[in-house]
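Notes for the one structure printed next.
Model, not experiment: these values are computed from the prediction. Order of the sequence lines sets the chain letters (A, B, ...), proteins ahead of strands, with each chain counted from 1.
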Amino acid sequence: MIFDLDMDKCVACGACAIACMDQNDTAPEKGEVPFRRVGTLEPSLGGGKFSWLSISCMHCMDAPCIPACPVCCLSKDENGLTVYDNTLCIGCRSCAMACPYGAPTYRADGRMEKCSGCAERIKYGYEPACVRVCPTGALLCLPEDEYERVKPAASLRDASAV
Amino acid sequence: MQYRFSNSFKYGIYAQNIPHTFAVNIYFRDSTCIYTIYVLGLFKHTNTTEVVDIKSAAVIGFGCAGFSAARALRQAEPERVIDIYSDTAEAPYNPMLTTYYVSGKIDESTMFPLGDLETIKKELRVNILCGTPVKRLRARERVLELDGGRGRQYDDIIIATGAGAVIPPIKNLPERGIYTMRTASDARRLERALNGVKSAVVVGAQMVGIKVVELLVKRGIRTVLCDMERQMFPASAYERTAAVIAGRLERAGVELRLGAAITGVSDSGKVLSASFSDGSETSADLIVFCSGIRPNIAFVDREEIDVGVGIKTDLHMRASVPHIYAAGDCCETYSPLTGKNAYIGLWANSAMQGRVAGNTIAGVQDEYHGNLIHNITHYMDTDFISVGDVRSEGERVFWQGHGWQLEATVSDGKIAALNILDNAGVSGPVKNALLHRAAHPEQPMSVHARLLLSSAGVPDAIIKKLGGEGA
Amino acid sequence: MTELEAKIKAKIPGPDTGIEVKRTMCDMCTPLCHCGIDAYVKDGRVVKIEGTKGHPMNNGVLCTKGANNRAYIYRSDRLTTPLRRTGKRGSGKFEPIGWDEAYDEIAKNLLAARERDGANSVMFYSGYGKWYRFMLQRMAHEFGSVNYGAESSTCFPANRMAWLTMTGKFARPDMQGAKLFLAWGSATHYSRFNVANGIDDFKRRGGTVILVDPRITPAAQRSADLHLRVKPGTDGLLAGCIAGLIIKNGWHDTEYIDKYVHGFEQYAQYVCSVDLQETARVTGVPAELIEKAARMIGTIKPMSVENSPGSLIHQTNGYQSSRAVFALSVITGNYNSPGGNQPLDFGFCEQGAGFVTGDEEFAVENAPADFAERVGARRFPIWGALIKQAQCCDLARQILEGMPYPVRTLVAHGMNYRMFPDSDYMRRAIESLDFYVDIDLFMTDSARLADIVLPCVSSFEREEFKVYPGGFAAYYTPAIEPVGDSRSDARIIQELSARLGLKDEYLLGGYRKCIEHLVKKVGLDVNEMARSDLPVKAPPEAMIKPVPRGYIDRGCATKTGKIELYSELIASCGDKYEPLPKYCPPAELPNGDYPFTLMTGVRIPNAIHSRLHNVPWARSLRPEAAADINPEDAAALGIERGDDIRLRNEHGEITVKANPTAMAGRGQVYIYHAYPEADAAKLLGRDALDEYSGFPGYLSGRCAVEKLEKGGREA
């Protein structure tokens, strides 16, 4: 599955972040944060234009976080989503340093958590919470061939490719 | 050249470069070599209808790079004979995890995140020759010399011997109480030694040293941290950032001896006494040397193979001699991002380089994209992040706010290097922004990196300086 | 983790996980939305929600606010039992009581009040919930009181009044057939996403968009072919100037005007006298852009106009400004023409559906003879003539002054005094009441003042009828049991009606009976709707068949039967009021002391009035009350993002965080409302009201901005 954001459609409304918290029972009142972050980039930093973005794990094909983890918590599932088992996580932040999107977050006990792409939901034929909720249709999670057909012109995936 | 005789056995025959001598290796299909017969002068030419070109590869050293190389090669070539030579009987371990093991954060098996040897052997269908150090590499002949002068020739050889801890040349080091922190056995040794220890000296204020300091302090051990350089993290921190770090360590009770090289150690029988270049002395129950690493490449003939700090490779991890490859902490790679050769000992690099080496041997298109020196360390509630060469020339930028700080060197509108304290979340986006900028100098920092920095409180002017002007 | 545990964690529905998906609806924002929700229910609790696929309103998606429903219905301050005040009013001291006891006490007090001060001394009020209002108003009138009022005293009806004044009916934009869309004060990305998506679709079909908005919004950057960044409060002048340019250039539709329009000559004379350069100076819109807009509006046909139910009308000259904007649709011949603006009869609860249930008539068919005496109707006669409710912006005054008659008792569903200008004034008025019942889901600051607090339920816990554009109707049934001992507002109205001894068969019969009565003539069946997974279509024979210009051909519901650019209704209300949509500046203009225009309540994605401020998910997106100001203004004041700033004027002051953003124009300050810690309504004058509609100037205030040092000291 390919995750992407159509930057021409996103308005940084944050519905995705709320849906993420709903799916993952995130409790911001306890200092937890959603796996998706939204924000507005001011024209002063955006070449005279606003950019509205929703940023989370992009489930990179060649995900740099996977080899970065010294205890091999991260892996790809059968749908190509970057999933993890943080039982062994030592909280070393190596994945944070590897990730271009700032996706890994750390719980109070130091263990890493991040967007799993709602991998389990996808397995059972459901959509990721953020993609399902997105009221402007900006967030995409599609099989590769389907993605290629509808690939947005203003793709965050392309814009952030190293 | 190898011949397949049946479905359950593979009979490999290859010349050992001894005139008229051939070796017949009998393998199970899982590549386990059960028997080698040396045959004298029997064949001059082979002539059979059942020729299968089963090639062989040797991997020297079995850490992350060796493992990744073997795995990539196995995935691409199910039939290839892969022999792995290791001077220990350990599964691949992660040197970075040694301090976590000693601190009690992880158990021993977690130091070996890629699995135990038996599992790996089965999964990768490789021969692992434990306790079999390679004494010499005859690179042009593709021959490994083992103990006792035995030689083995392979189609391809991957050097993945990693690096070892260095102890500075100090005369008459005592027999006891001296530790290093690199290998799994180093870790076991220190862990066993810590009971009852009241005081310790850590030599080397770098990434390993700080983790050793952390675990010692956590145990209530009086800890002296010394370094010949005058600051914390001399290779990776700016003076200003280093000063903040040093201040915090001192507040946490760590005794710092910066600008003080250790010059001698004496043993009274009860305690050790370390003397420093500034004339001071301190007593300690033990001393841990964390003063750096050096590639394990003594077996390589520098006349044959180009070596800088490590074995020099191209972006396909090819060494200067055909069919010889190197990956991980024993090699250095040209990085198009910096335009320089760089020796960067990092777990993730090793994984990627190993994979590239394995794929390249198998003819699978793969290329290492180069890298920047970068480090992140999380200790005592501090996140210290360093990217690039902090000694490079340029304008210095400093910003502090929202509970974290950033210091950077900017030249030609590009960040050359930076330090971040206490914001791991932006470290990845910033590091990747640097990589991006290096690969695409004409493009601004990616839009999401600009946003993440801005959201983290960094003022526009600083983001612009870091290359975030926007198109 | 076992496979089943993983499935439960991922909230996969099924018999093995015990998670069932139940259909319900969102009631977070305006009835113009009310999207379908799939509630994932396990062991009687909602564990996750999604938008309903195939639903005519949202087809699977939700907005930021709607996505918060689960956290909203399980807010930690949710009331679970009726409460009786034990301490001093406002002390927050209550004791739990049973429903019977609560009803007894309410009935006793209401009946005594009617006996003592007359039925009109009892005000029945509704906050933002709208679904039960037709019953509440009917109950008020059945009780004998003319006084039913709502938060609608500050939202939407003024917009409706502008259309009613001109054409006798509310009107909606007909974007399907339009070539030009004039979005005036319509920034829908953070309020009504489906309208925003509709604009995107319209653009993809090749439509042209003019956006009039002081801010830069996603729509301004992406959808607008022309963006006029008008200075807040000067819209009426801009619209008048554009009209003048259209007429001077002969782009107006004289044939249409001759046939359908009343008062064109006076109107033309006025708008042609509006000076372009002066308009450019006052509105801040460059003259060439005004001319460009006039040319586009004058020559691209058809054009439909959208004006948000909460933008222009939240300026103290907003009613007249709205009329001025809508007049553009009239002089170009677009009103009631295909692709223009179509007269709209609401289907139910202020939502158009293409059929009519007649809930508004149901609510007032038993209105007392002295209906004209309702609160605010005399002070605001245009309101009184057009809107069949009290104008509650006059409520606090009447409570405190007792003039022209006392109002001493308040039965409120969802009172929030912070929505009224000078919120302390309304709070003091409430504190002075003889008896006050508040019905709410939460222990709000307004509920804290009540004598009796009754706990009501969310949309997930009740039956509710909804209509949707396109002829759709739904009857939602509860997805979960009421939280605690809470009851639906409709049930409370039904039960209270009985306690009050009212005889009305519908009120006593309850909500379902009322709806059955209302939908019968449409040909809808409540049971059938309740069984359906998705909204059903009304029978074709119930659908109103729109005929181009059919309404104006038949004759408008105005005094003259024509579209009145010159309003005979206004002319009949006395010299104080201007029959033409003439521009006059807002009541409070920025000045030397208070140099910034203050706009409170401009939509942010994660809040809807006070509802979500206490929901941690929603709050986390913008944790602190923050004022948007232009970065150059901020720089001039030495203000950086996150600094504490004080907004201050002659009415009050609040301290908020600064959020410099280029979305805000120079000299403008935007602050969302109803934060307990930073109540923006404190900055609004209680008498700075639109004379026509009685609406407060939420978007036409003024203030000074001061940077505070840490700890609140001024820099």
Original post:
Is chain C contacted by the side chain of A:Glu42, its backbone, both, or neither, given a heavy-atom distance below 4.5 Å?
Top reply: side chain
Subject >> C:Pro660 versus chain A, the contacting section by heavy-atom distance below 4.5 Å >> reply: backbone
**OP:** Among the options C:Thr64, C:Asn194, C:Thr661, pick out the one with the most heavy-atom pairs lying under 4.5 Å from chain A.
**Re:** C:Thr64
**OP:** Please examine the side chains of A:Trp52 and C:His189, heavy atoms only from C-beta on, and report whether any two atoms are closer than 4.5 Å.
**Re:** no
Original post:
How many angstroms lie between CD in A:Glu32 and OG in C:Ser620, if you round to the nearest 0.5 Å?
Top reply: 11.0 Å
**OP:** Select one option (side chain, backbone, both, neither) describing which atoms of C:Val615 are under 4.5 Å from chain A's heavy atoms.
**Re:** neither
Original post:
Do side-chain atoms of A:Gln23 reach the backbone of C:Ala10 as a donor and acceptor pair under 3.5 angstrom?
Top reply: yes
Original post:
Within a reach of under 6.0 Å around NZ of A:Lys49, are more than 12 heavy atoms found that belong to other residues, nucleotides or ligands?
Top reply: no
Original post:
Roughly how far, to the nearest 0.5 Å, is CZ of A:Phe50 from OG1 of C:Thr217?
Top reply: 9.5 Å
Subject >> Residues from residues 4-20 of chain A approaching chain C under 4.5 Å (heavy atoms) >> reply: A:Met7, A:Asp8, A:Lys9, A:Cys10, A:Val11, A:Ala12, A:Cys13, A:Gly14, A:Ala15, A:Ala17, A:Ile18, A:Ala19
**OP:** Heavy atoms only, distances under 4.5 angstrom: which of C:Arg222, C:Arg70, C:Lys11, C:Lys9 has the most pairs with chain A? Name it, please.
**Re:** C:Arg222
Original post:
Near A:Glu144 CD, under 6.0 Å, is it more than 12 heavy atoms from other residues, nucleotides or ligands?
Top reply: no
**OP:** Say whether, by atom type as modelled, one donor and one acceptor occur between the side chain of A:Asp22 and the main chain of C:Ile49 under 3.5 angstrom.
**Re:** yes
**OP:** Grab the two heavy atoms, one from A:Pro28 and one from C:Pro616, that are nearest each other, plus how far apart they are.
**Re:** CG-O, 3.5 Å
Original post:
Would you find a donor on one side and an acceptor on the other, under 3.5 Å apart, between the side chain of C:Lys48 and the backbone of A:Asp25?
Top reply: no
Subject >> Proximity breakdown for C:Asp38 and chain A, heavy-atom pairs closer than 4.5 Å >> reply: side chain
Subject >> Heavy-atom contact with chain A under 4.5 Å, split by part of C:Asn197 >> reply: side chain
Original post:
To the nearest 0.5 Å, how far apart are CG in C:Asn659 and OG1 in A:Thr40?
Top reply: 8.5 Å
Original post:
C:Leu621 versus chain A, heavy atoms under 4.5 Å apart: side chain, backbone, both or neither?
Top reply: side chain
Subject >> Side chain / backbone / both / neither for C:Met663 at chain A, heavy atoms under 4.5 Å >> reply: both
**OP:** Might you confirm whether atom CD of C:Glu640 has over 12 heavy atoms from other residues, nucleotides or ligands at distances under 6.0 Å?
**Re:** no
Original post:
By number, which residues in residues 117-143 of chain A have some heavy atom less than 4.5 Å away from chain C?
Top reply: A:Glu120, A:Arg121, A:Tyr124, A:Tyr126, A:Glu127, A:Ala129, A:Arg132, A:Val133, A:Cys134, A:Pro135, A:Thr136
Original post:
Looking at C:Pro605, C:Ala67, C:Ala662, which has the largest count of heavy-atom pairs under 4.5 Å with chain A?
Top reply: C:Ala662
**OP:** Heavy-atom distances under 4.5 Å only: say whether C:Lys65 touches chain A with side chain, backbone, both or neither.
**Re:** neither
